[in-house]
Structure formats: structure tokens, C-alpha cells
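Here is the structure we will look at.
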Number of protein chains: 2
Amino acid sequence: MTNESSETFLPKRDERLGLLIWFRLSRVYSHSLRETHQHLKKWGLSAAQFDMLAQIGAHDRLTQQQLADKLFVTKGNITQLISKLEEQGFAQREQEWKSKYVSLTEKGRTLFDDVVPVQEQFQASQYDALSRDEKKQLLRLLKKIQD
Amino acid sequence: MTNESSETFLPKRDERLGLLIWFRLSRVYSHSLRETHQHLKKWGLSAAQFDMLAQIGAHDRLTQQQLADKLFVTKGNITQLISKLEEQGFAQREQEWKSKYVSLTEKGRTLFDDVVPVQEQFQASQYDALSRDEKKQLLRLLKKIQD
DNA sequence: TGCTATCAGTTTAGACCTAAACTGATAGCA
DNA sequence: TGCTATCAGTTTAGGTCTAAACTGATAGCA
């Protein structure tokens, strides 16, 4: 919904503001995502794979459903992504009781240690234009939107 | 990159803040996108199609390249999306000189008038939790990130 | 005239993601 | 015991998007 067409409708001023936010937000987000993607190429990882790797590495013993909830994607998506990480030898699944627990293999842990700190540093650097106070401010506003 | 794993690394406080912003941003964005998608189902439109429709309707005489720049997607993507809108009879392409100009058909204009105001109102309402000043603040911060 | 640059758009392969239908196992309860 | 609910994960069809290679046309310039 990245559009600017609202001039046409002379909406109320607050509505206009909301639209501008949405527009800007999606630009910032997709730009950031593309940068991330580019940066991760060094390790042959996609953004989605990195997310998974980071999330699995940070918590040991996660079910696929928990993973889906943490990453805000569907469980179907998790099934697909995990399968790939498994193929590549980075992750493993263990059926236990009625769920499957996901964890990193030795090889996955090595990759994790290698890429996650660097990538997180890179990720965070995308907001370096903001001062510490501005970052806090932004975080506060984003949280407020979400509730 | 929606991860929270940075506790593991005890990063500098500012890096931590940047990560939290990224995490929150992607949550807000994808939540918003999903809501949008849901809302647009009433008209049988996807978010991407709506973006195109709104953008074409707001400017008459756009080339595909200009459209790609406005929507922050690749021109390949534009080719694909336009083809569908054309099939459905909402848009048309006219070769002129060395580019193709895209515009709405009569049917497309009707849909535009129908859906765009409602959808924009809906879109804007997703930030109603913020006061007018907070919206301005947020917009300012997002702009700053982008430069 | 002919070589080369560039530019708009198309094509293709592939990654990502969703919604919805499905499987199979567990649990509650009459 | 047997019916039904629910829940984790899988599968499938389809939409979205990208990067990169490609086509074809224009333009600059020796």
C-alpha cells in the first residue's frame, strides 16, 4: 500500500498523516530488508534463513509452532524453511511427545557464531542516523502502534 | 531479521536499541500488511494490486519504469503485475515513443473510486493509537532514517 | 555508416510466504 | 469404548518479489 494518491481526496489531516506513515514505513522496511539480503550474501544465507538460524540458536528447545510465533510467519512456512536448513546440515528436528523440537547442529552452531554477531551489528547500524534518544522515542512509538 | 538473540552477545547498548527497532519495525510492518490484505479481500484485490491501482489512478501518464520507482519494486515485477491488471480489464498500456504509458480503463477507474478512499481510510486508521503530535514525530524519525 | 552505450520492458528461475485442506496423534468425555 | 475437539506439522496451489539475462530501440559519436 505504498501510495501517495490521497491528494485526490483531500482527506482529513490526520488521515493524511497516517497514510504518509504507512508509505514511509514500508519504504524504510523494504529498503532495510534489501540491504540485509545483500549483506547476508557473503554467507550464502537469505534473510529468512538468518532469522531462523538466529532464533533457533538463541533458544535451545523450540517447537516449530513456537518458532512460527516468534518469527510471525505461518507454520507451513516454518516446515519449508526448516527442511532447507536441515538439508544443508545446519538444523535438526527431534520428535518428542507430540511436537518436534528444533535445534542447531554442530555445523549450524559454527555458522551461528560466525554470522549472527556481524549481522546484528550491521542490522543495528541501519539506524545510526538517529541519536540514542531518538531511537528510544521511535521504539516507544512503534510499541504503541502495536498495542 | 526479526530476532531477539542479541542477549547472547551483550552488545553495546546502542546496538541493542537498533536491533530492537528493527525487530519491532518488521513486526509492525508485517502485521499491517496482513491486515491490509485481509481488508482488501472484499474487492478481490491483493495489496500489490491495490498499490498499483492507487498509483496509476493518482497520476495519469506513468511509464512502467516510473511506476517501479514509485512503488520501490523491480521493473520485472511491474511487468507481471500490469499484465494481470490488464487481463482483468483494469489497466491498459500504450506504447509511445520508446516507453509504455500505463493508465486505468473505465472499469479500472470505477474500481479506483470505489476502493481507494475506503482503503486509505483503513490504512490510516492503523495508526490511530498515536496522537497527532506522535504521528508527526514518527514521520520525522522515519524520514531521518531514510536519508 | 557502423560501433557502442544505454534504456524500457520482458522473461526466467527461484526464493519466500500465505491460506486452506490435510494427516495423525492426543485428550476429554459420555 | 467410541465420538469429537484440538493441536503440531505437512502439503499444495498460488501470489509476490528479485536478480540476471535477454530483446529491441534509440542515441552518440568516430
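Only a predicted model underlies this, so the values are computations on that prediction, with no experimental measurement involved. Sequence lines set the chain letters: A, B, ... in the order given, protein chains first and strands last, and positions in each chain run from 1. Excluded from the calculations below are hydrogen atoms, water molecules and symmetry mates; all remaining heavy atoms, backbone and side chain alike, are included.
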Please map the stems of DNA chain D, keeping only stretches of three or more Watson-Crick or G-U wobble pairs with both distances under 3.5 angstrom. C:1-4 with D:27-30, C:6-25 with D:6-25, C:27-30 with D:1-4
Among all residues two or more places apart in sequence or in another chain, which pass the side chain to side chain donor-acceptor pair (under 3.5 Å) test with Glu94(B)? none
Please name all residues satisfying side chain to side chain donor-acceptor pair (under 3.5 Å) with Arg140(A), sequence neighbours left out, ordered by chain then number. Gln137(A), Glu134(B)
Separation of dA19(C) atom C1' from Leu33(B) atom CG, nearest Å, is 15 Å
Which of the following nucleotides, dA19(C), dC16(C), dA8(C), is nearest to the side chain of Gln65(B)? dA8(C)
Closest nucleotide among dC17(C), dT18(D), dC16(C) to the Arg34(A) side chain: dT18(D)
Is Arg93(B) near enough to dT10(C) that one of its side-chain N or O atoms lies under 4.0 angstrom from OP1 or OP2? yes
Measure the distance from CG on Leu67(B) to P on dA8(C) and round it to the nearest whole Å. 13 Å
Do the side-chain N or O atoms of Gln64(A) get closer than 4.0 angstrom to the phosphate oxygens (OP1, OP2) of dT10(D)? yes
Has the side chain of Thr105(B) got a donor or acceptor atom that lies under 3.5 Å from a matching backbone atom of Phe90(B)? yes
Contact nearer the 5' end of DNA chain D, comparing Lys100(A) with Gln80(A): Lys100(A)
Give Thr79(A) one of three labels, base, sugar-phosphate or nothing, depending on what nucleic acid heavy atoms sit under 4.0 Å from its own. base
Select base, sugar-phosphate, or nothing to describe what Leu81(A) touches, counting heavy atoms under 4.0 Å on all strands. sugar-phosphate
What is the distance, to the nearest angstrom, from the CG atom on Leu45(B) to the P atom on dG15(D)? 13 Å
Please state how far atom CG in Asp51(B) lies from atom P in dG15(D), giving the value in whole angstrom units. 17 Å
So, does Asn77(A) get its side chain near the phosphate of dT18(C), meaning an N or O under 4.0 Å from OP1 or OP2? yes
Is dA5(D) syn or anti, taking syn as a glycosidic angle within 90° of 0? syn
Measure from the side-chain N and O atoms of Ser30(B) to the backbone N and O of Ser26(B), and report whether any donor-acceptor pair falls under 3.5 Å. yes
Considering only side-chain heavy atoms of Ser99(B), which listed nucleotide, dT10(D), dA8(C), dT18(C), is closest? dA8(C)
I want to verify a distance call: between dG9(C), dC17(D), dA19(C), whose nearest atom is closest to the Ala48(B) side chain? dC17(D)
Which way is the base of dA27(D) turned, syn or anti, if we draw the line at 90° from 0? anti
Working note: Ile145(B) + Leu138(A), criterion side-chain contact (heavy atoms from CB on, under 4.5 Å); need CA distance, chi angles, decisive distance, verdict. CA-CA 11 Å; Ile145(B) 291 172; Leu138(A) 177 56; 3.7 Å; yes
Position toward the 5' end of DNA chain D (nearest nucleotide), Gln95(A) or Ile78(B): Gln95(A)
Please indicate whether Glu106(A) has more than 12 foreign heavy atoms, meaning atoms of other residues, nucleotides or ligands, lying under 6.0 Å from its CD. no
In whole Å, what is the span from the CG atom of Leu62(B) to the P atom of dG9(C)? 10 Å
Could you check how far OH of Tyr101(B) sits from C1' of dA8(C), rounded to whole Å? 11 Å
Give a yes or no on whether the backbone of Gln88(A) and the side-chain of Lys107(A) come within a donor-acceptor separation of less than 3.5 Å. yes
At less than 4.0 Å, is any side-chain N or O atom of Gln38(A) found next to OP1 or OP2 of dT18(D)? Yes or no. no
Below 4.0 angstrom from OP1 or OP2 of dA19(D), is there any side-chain N or O of Thr74(B)? no
Only counting residues at least two apart or in another chain, list the ones meeting salt bridge (Lys or Arg N to Asp or Glu O under 4.0 Å) with Arg24(A). none
Among residues 82-92 of chain B, which ones have heavy-atom contacts with DNA chain C below 4.0 Å? none
Over all heavy atoms of both residues, which pair between Leu53(A) and Leu104(A) is shortest? Give the atoms and the distance, please. CD1-CD2, 3.8 Å
Which whole-number value in Å describes the distance from His31(A) NE2 to dT18(D) C1'? 15 Å
Side-chain donor-acceptor pair present, Gln123(A), Thr36(A), cut-off under 3.5 Å: yes
By nearest heavy atom, map Thr63(B) and His37(A) onto DNA chain C; which one lands nearer the 5' end? Thr63(B)
Tyr101(B)-Met52(B) co-clustered via ILVMFWY side chain contacts under 4.5 Å: no
Base, backbone or nothing for each nucleotide of nucleotides 21-27 of chain C, written B, S, -, heavy atoms under 4.0 angstrom, 5' to 3'? ------S
Are any side-chain N or O atoms of Ser125(B) and backbone N or O atoms of Phe122(B), one a donor and one an acceptor, separated by less than 3.5 Å? yes
Non-hydrogen side-chain atoms of Tyr29(B) and Trp22(A) separated by less than 4.5 Å: yes
Could you state the atom-to-atom distance from CG of Leu40(A) to P of dA19(D) in whole Å? 14 Å
